[in-house]
Amino acid sequence: MTEDISTYKGVRIDDTAEWRLVIYVSDTSMSAYLKNLENPLEQIVTLFEEQWQRDESSLLRHIETTVYDHPQLMDDFSTEIVVCSPKSMWAPEALISDYEDESEMYNKVYRADEGDIMSDVHNGMCCLYSLVPGLAAFLRRTLSGARVSCHQTVLARRFMSRGSDMPRIYVDIRDGAVDFIVLDDRRMLLAATHEWHDKMDIAYHIFNIMDVYGLDRDNTQVSLSGIREVKQDLLKLLREHLSYVMLTMMPSAVSKVEMPIAAAIALARS
């Protein structure tokens with residue numbers, strides 16, 4: 001049951017402990033979803049989906065305004081925030097520990113102040129990422145109990161949990177950007193984001209990755225997710241050259257809801 005209160009649509013929740021909240025934020029959008037943890041048959045609730053033009057000077061204001069316009073986000077849910085950052089980098093955790101602080105390594109590739117850099121650790125690898133100055137402090141201050149993860153980390157956790165007898169390239173296609181997670185069994189070879197303007201740009205990156213890492217076209221699995229029309233076109237194109245090309249399976253609990261795959265994985269995780 002929903003109710004309209006001032007500027008936002010709230011969802012009537014009897015016990016917040018029974019629900020998981022996932023907030024997805026990128027440089028052009030923000031969305032939030034609720035899933036009932038006690039009743040798997042309960043419909044996923046989309047709290048909102050907001051979009052804006054890419055503009056770093058106004059990005060933090062957009063995010064802050066969206067949070068304040070939807071105060072239910074600050075309720076006592078089990079909350080995960082997925083930050084879709086185009087400025088992320090991975091390195092062995094042991095290597096990062098050799099630096100005085102994380103910003104010293106991060107700033108070899110990107111530019112951000114120490115307080116604006118967030119980090120995740122998984123399987124001995126560390127992901128450093130930043131979206132916009134002030135975001136990390138705002139999240140700590142406003143949504144202090146939430147778990148924050150980079151979208152690449154969410155994808156890597158999910159895909160690395162599944163062993164395989166062949167290398168795998170996971171390709172998630174978004175508007176203007178495409179994410180690649182490349183695995184050899186449970187070992188991550190690459191996690192990267194690239195811009196694209198035409199589907200052939202994505203195909204080029206896939207074949208380039210295979211060449212760089214010496215992956216056999218007859219013994220490498222490529223899994224596609226994201227924009228429907230593009231992935232369907234790529235499916236046909238790639239199958240002319242590769243033996244194993246398929247669509248990435250979405251978690252069954254959220255398969256009927258249109259949302260970014262990283263948000264879906266975070267929402268459905270055990």
Side-chain angles (χ1 to χ4, degrees), residues 1-5 7-26 28-51 62-63 66-85 118 120 122 127 129 131 135 138-140 142-162 170 172-175 179 181 223-228 231 247-270:
M1 179 178 179
T2 62
E3 57 181 358
D4 288 325
I5 301 176
T7 60
Y8 78 104
K9 179 186 290 185
V11 178
R12 195 179 298 281
I13 299 294
D14 293 325
D15 185 357
T16 57
E18 295 181 355
W19 293 78
R20 171 173 294 134
L21 169 65
V22 167
I23 304 169
Y24 180 89
V25 57
S26 76
T28 59
S29 68
M30 189 170 178
S31 50
Y33 311 91
L34 278 170
K35 179 179 181 293
N36 191 313
L37 303 176
E38 302 297 322
N39 181 5
L41 299 179
E42 182 88 17
Q43 185 176 4
I44 301 295
V45 176
T46 300
L47 288 179
F48 64 86
E49 293 177 323
E50 302 282 351
Q51 293 187 326
H62 281 306
I63 296 169
T66 301
V67 171
Y68 293 138
D69 281 350
H70 300 85
Q72 193 167 25
L73 299 181
M74 291 174 274
D75 286 354
D76 191 24
F77 292 108
S78 170
T79 302
E80 179 154 355
I81 301 169
V82 179
V83 178
C84 182
S85 169
M118 295 169 276
D120 307 325
H122 184 68
C127 177
Y129 56 102
L131 184 61
L135 177 61
F138 174 72
L139 296 180
R140 288 193 299 268
T142 312
L143 299 161
S144 58
R147 176 187 185 182
V148 181
S149 301
C150 179
H151 73 294
Q152 287 185 3
T153 306
V154 174
L155 298 178
R157 285 192 199 117
R158 169 80 175 189
F159 300 145
M160 291 172 73
S161 68
R162 302 175 172 183
Y170 292 94
D172 185 50
I173 305 158
R174 301 179 279 112
D175 284 334
D179 298 305
I181 305 292
S223 294
L224 306 171
S225 61
I227 299 174
R228 184 185 305 275
K231 69 183 179 184
L247 300 181
T248 305
M249 296 295 293
M250 292 284 283
S252 58
V254 294
S255 59
K256 296 180 180 180
V257 182
E258 289 289 333
M259 68 176 74
I261 189 172
I265 290 171
L267 199 64
R269 68 179 176 82
S270 300

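All values below were derived from every heavy atom in this structure, side-chain atoms included, with hydrogens, water molecules and symmetry-related copies excluded. If you're wondering where the values come from, they're calculated on a predicted model, not measured in any experiment. FYI, the numbering just counts along the sequence from 1.
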Nearest heavy-atom neighbours spanning [X] and [Y]:
X	Y	answer
Leu267	Lys35	O-CD, 3.3 Å
Tyr33	Ala263	CE1-CB, 4.1 Å
Ser225	Asp172	OG-OD1, 2.7 Å

With sequence neighbours excluded, residues passing side chain to side chain contact (heavy atoms under 4.5 Å, CB included) with [X]:
X	answer
Ser78	Arg20
Ala32	Leu21, Ile23, Leu47, Phe48, Leu73
Glu42	Trp19, Asn36, Asn39
Ala156	Trp90, Met160, Met188

For [X], give me all partners under side-chain hydrogen bond (donor to acceptor under 3.5 Å, both in side chains), at least two apart in sequence or on another chain.
X	result
Arg228	Glu258
Asp179	His151, Arg174, Thr193
Ser29	Ser26
Thr153	Asp120

Problem - Rounded distance [0.5 Å steps], CG in Leu131 versus SG in Cys150 - result: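 Separation between the atoms: 9.5 Å.
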Practice task
Verify whether one side chain among Tyr24 and Glu49 offers a donor that lies under 3.5 Å from an acceptor in the other.
Solution key: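 No, because no side-chain N or O of Tyr24 sits under 3.5 Å from a partner of the opposite role on Glu49.
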Handout entry: With sequence neighbours excluded, residues passing ring-ring contact (aromatic ring centres under 6.0 Å, His included) with Phe77
Key =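 For Phe77, no residue satisfies ring-ring contact (aromatic ring centres under 6.0 Å, His included) once neighbours in sequence are set aside.
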Handout entry: Partner set under ring-ring contact (aromatic ring centres under 6.0 Å, His included) for His122, not counting sequence neighbours
Key =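 For His122, no residue satisfies ring-ring contact (aromatic ring centres under 6.0 Å, His included) once neighbours in sequence are set aside.
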Exercise for the section: Give a yes or no on this: more than 12 heavy atoms of other residues, nucleotides or ligands lie within 6.0 Å of atom CG of Asp175. Expected result: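 Check fails, neighbour count at 12 or below.
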Side chains of [X] and [Y]: closer than 4.5 Å at any heavy-atom pair?
X	Y	answer
Val67	Met30	yes
Ile81	Leu143	yes
Ile44	Met259	yes
Ile261	Thr248	yes

Exercise for the section: Classify the ring geometry between Tyr170 and Phe159 as parallel (under 30°), tilted (30 to 60°) or perpendicular (over 60°). Expected result: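 Answer is parallel, since the angle falls under 30°.
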Practice task
Only counting residues at least two apart or in another chain, list the ones meeting salt bridge (Lys or Arg N to Asp or Glu O under 4.0 Å) with Arg157.
Solution key: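 So Arg157 forms a salt bridge (Lys or Arg N to Asp or Glu O under 4.0 Å) with Glu80.
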